[in-house]
2 protein chains.
Amino acid sequence: MVKVDKELPVAFEPAQPLRRPVSLGDEVYNALFARLMSLQIPPDSRIKIDVLARELGVSQTPIREALARLENEGLVVKTHLIGYRAASQLSAKQFEDLYDLRLLLEPYAAEKAAENMTPEVLDVLRGLEREMSAGEGDELAYGRFAQLDKRFHDVIARTAGNTLVEEALARLHTHVHLFRLMYHARVTGEAIKEHAALLAAFESRDGVEAARLMRTHIKKARARFAARLRQGAQP
Amino acid sequence: MVKVDKELPVAFEPAQPLRRPVSLGDEVYNALFARLMSLQIPPDSRIKIDVLARELGVSQTPIREALARLENEGLVVKTHLIGYRAASQLSAKQFEDLYDLRLLLEPYAAEKAAENMTPEVLDVLRGLEREMSAGEGDELAYGRFAQLDKRFHDVIARTAGNTLVEEALARLHTHVHLFRLMYHARVTGEAIKEHAALLAAFESRDGVEAARLMRTHIKKARARFAARLRQGAQP
DNA sequence: CTGGGCGAGATTGCATACAGATCGGCTGCG
DNA sequence: CGCAGCCGATCTGTATGCAATCTCGCCCAG
């Protein structure tokens with residue numbers, strides 16, 4: 001009981017001492033996650049446990065476990081005695097809520113990240129920015145841009161050093177990703193400029209400036225999608 | 001018992017067409033949640049599926065489902081081929097992270113709540129405050145105070161109208177609750193005064209003031225627990 | 001006599017197959 | 001055309017075999 005103080009620091013050690021074989025449930029989770037993210041399983045479509053079990057060649061137990069996890073993350077919804085189905089597309093209200101929350105978290109993350117910035121992380125961020133710039137103009141590669149952008153923000157969140165904030169943001173980003181795939185606003189040019197400005201703030205470790213830039217970045221991103229939404233863009 | 005939990009959702013979701021029979025998994029979840037919250041299952045202790053199955057008189061499937069949900073909420077952790085165990089007590093670092101996050105979310109929630117405040121919600125909040133004041137000085141009833149305080153904040157989060165923020169905060173509050181039970185700082189007097197001030201801001205629908213008051217309330221709460229932590233208080 | 005390494009039994013979770021219950025749709029009758 | 005009842009599909013929950021881990025006693029070296 002009093003060992004709490006001893007064990008907790010260990011939980012933060014970077015290296016995992018033992019590599020356990022992954023559970024089937026995890027594999028199923030990853031498979032489903034990928035299918036949802038690629039819209040291979042479209043929103044609102046039913047997800048049948050036994051079909052998946054046959055398809056993936058496993059029993060129903062790991063499927064259930066994976067679906068339970070996905071439900072908690074809001075990617076699928078469950079109705080008792082009816083079954084699971086992929087979550088609906090975000091409504092306008094949910095979209096606003098999501099960006100409000102991002103506006104609360106991401107500037108903070110940027111500020112902390114700027115303070116904790118290391119040359120290594122900076123290199124990673126520069127690399128991601130370079131890849132995003134390289135693909136500019138290529139409309140087909142938008143999915144790739146979205147992935148890189150997600151990574152960019154995830155790295156910042158991780159560098160901030162607050163695990164809870166990092167997890168909360170990771171959760172949001174998956175939804176943003178789905179939203180993007182449906183209403184793919186091809187406004188990568190602006191986003192790239194905003195990322196570059198952020199990088200400059202990170203280089204000089206200016207937390208206040210990084211927070212400010214992130215705030216405007218998120219606001220502008222929201223505005224870009226909101227315009228798209230009002231136009232009634234269809235997938 | 002105040003029907004806060006029942007009445008508020010109704011206000012936001014007017015018509016629930018059908019009351020489906022609750023699934024066993026949900027019941028198991030509630031049972032486990034209660035045991036964890038009451039420390040009947042202490043932190044770091046192993047949670048054996050088959051033992052629970054016999055104890056609750058159900059099979060292993062619903063137990064697994066409940067545990068999967070609890071894992072996503074961070075209340076239990078799973079190690080592949082080892083099993084589940086109750087989550088560890090928060091470390092000092094995690095405690096700081098948690099309060100940083102609360103500081104980001106709760107002032108925002110208070111501001112929005114003030115803007116959306118209705119007489120009905122105000123009544124509920126007043127009722128909760130009254131109950132908390134009534135129990136003042138009674139050390140044994142601290143667990144009860146903690147519950148009321150949690151409700152108080154939950155109602156505010158719900159009134160803010162941002163579901164994502166509400167969910168994020170709900171998640172944090174469960175951890176705060178556990179933390180409190182271990183290091184029960186009996187400083188209810190101060191908290192009650194801060195709640196009263198908040199109520200005044202809600203009455204006048206002053207969002208900016210509510211946000212400010214909430215910020216100081218959270219900061220002071222953090223300071224109260226931090227002092228307790230440094231003293232090395234034991235459960 | 002003490003301490004460390006090793007292995008077998010017991011324990012536990014993982015995965016599968018199966019039975020019961022419920023829902024939704026289809027068909028046929030009024 | 002509408003409604004009632006049946007049937008297939010599907011989910012929920014149970015029982016069981018299997019694989020991996022942990023525990024603890026044994027043996028051997030120092």
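Throughout, protein chains are lettered first and strands after them, A, B, ... in sequence-line order, and every chain is numbered starting at 1.
- With rounding to whole Å, Tyr84(A) atom OH is found 13 Å from dT10(D) atom C1'.
- For Ser23(B), counting side-chain heavy atoms from C-beta on, the closest listed nucleotide (dT12(C), dG13(D), dT10(D)) is dG13(D).
- Comparing dT22(C), dT21(D), dC18(C) by their nearest atom to the side chain of Gln60(A) picks out dC18(C).
- Checked against dA15(C), dT12(D), dG13(D), the side chain of Ile49(A) finds its nearest nucleotide in dT12(D).
- Residue contacts for Ile63(B): at a heavy-atom cut-off of 4.0 Å it reaches no nucleic acid atom on any strand shown.
- When the side-chain nitrogen and oxygen atoms of Ser59(A) are compared with OP1 and OP2 of dA15(C), none of them lie within a distance under 4.0 Å.
- Residue contacts shown for Leu67(B) are absent, as no nucleic acid heavy atom lies under 4.0 Å away.
- The residue from His173(A), Arg158(A), Glu106(A) that alone fulfils the side chain to side chain donor-acceptor pair (under 3.5 Å) condition with His153(A) is Glu106(A).
- Contact check on Asp26(B) versus Arg69(B) returns a salt bridge, with a Lys/Arg side-chain nitrogen under 4.0 Å from an Asp/Glu carboxylate oxygen.
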Apply the test salt bridge (charged side-chain N to carboxylate O under 4.0 Å, His left out) to residues Arg35(A) and Glu55(A): give CA-CA distance (whole Å), side-chain angles for both, the deciding distance (0.1 Å), then the verdict.
-> CA-CA 13 Å; Arg35(A) 288 190 186 194; Glu55(A) 217 169 298; 2.8 Å; yes

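- Between the P atom of dT10(D) and the NZ atom of Lys78(A) lies a distance of 17 Å, rounded to the nearest Å.
- In the set dT12(C), dA15(C), dT12(D), the nucleotide with an atom closest to the side chain of Arg64(B) is dA15(C).
- Protein atom CG of Asp50(B) is 16 Å distant from nucleotide atom P of dA15(C), rounded to whole Å.
- Using bins of under 30°, 30° to 60° and over 60° for the plane-to-plane angle, the ring pair Tyr99(A)/Phe225(A) lands in the tilted bin.
- As a whole-Å value, the separation of Ile47(B) CD1 from dG13(C) P is 10 Å.
- Relative to the side chain of Pro62(B), the nucleotides dC14(C), dG13(C), dT14(D) differ in distance, and dT14(D) lies closest.
- Among dT12(C), dT12(D), dC14(C), the nucleotide with an atom closest to any side-chain atom of Leu81(A) is dT12(D).
- Here the C1' atom of nucleotide dA15(C) and the NE2 atom of His80(B) are 11 Å apart, to the nearest Å.
- For the pair Arg54(A) CZ and dA9(D) C1', the computed distance is 11 Å after rounding to whole Å.
- If you take NZ of Lys48(B) and P of dA20(D), they are 22 Å apart, rounded to a whole angstrom.
- Closest to the Arg46(A) side chain, of the nucleotides dT10(D), dA15(C), dT16(C), is dT10(D).
- Contact annotation for Val58(A): backbone-only contact, meaning every heavy-atom pair under 4.0 Å involves sugar-phosphate atoms and none involves a base.
- Between Arg151(B) and Asp154(B) there is no salt bridge, since no side-chain N of the basic residue sits under 4.0 Å from a carboxylate O of the acidic one.
- The CZ atom of Arg85(B) sits 16 Å away from the C1' atom of dG13(C) (whole-angstrom rounding).
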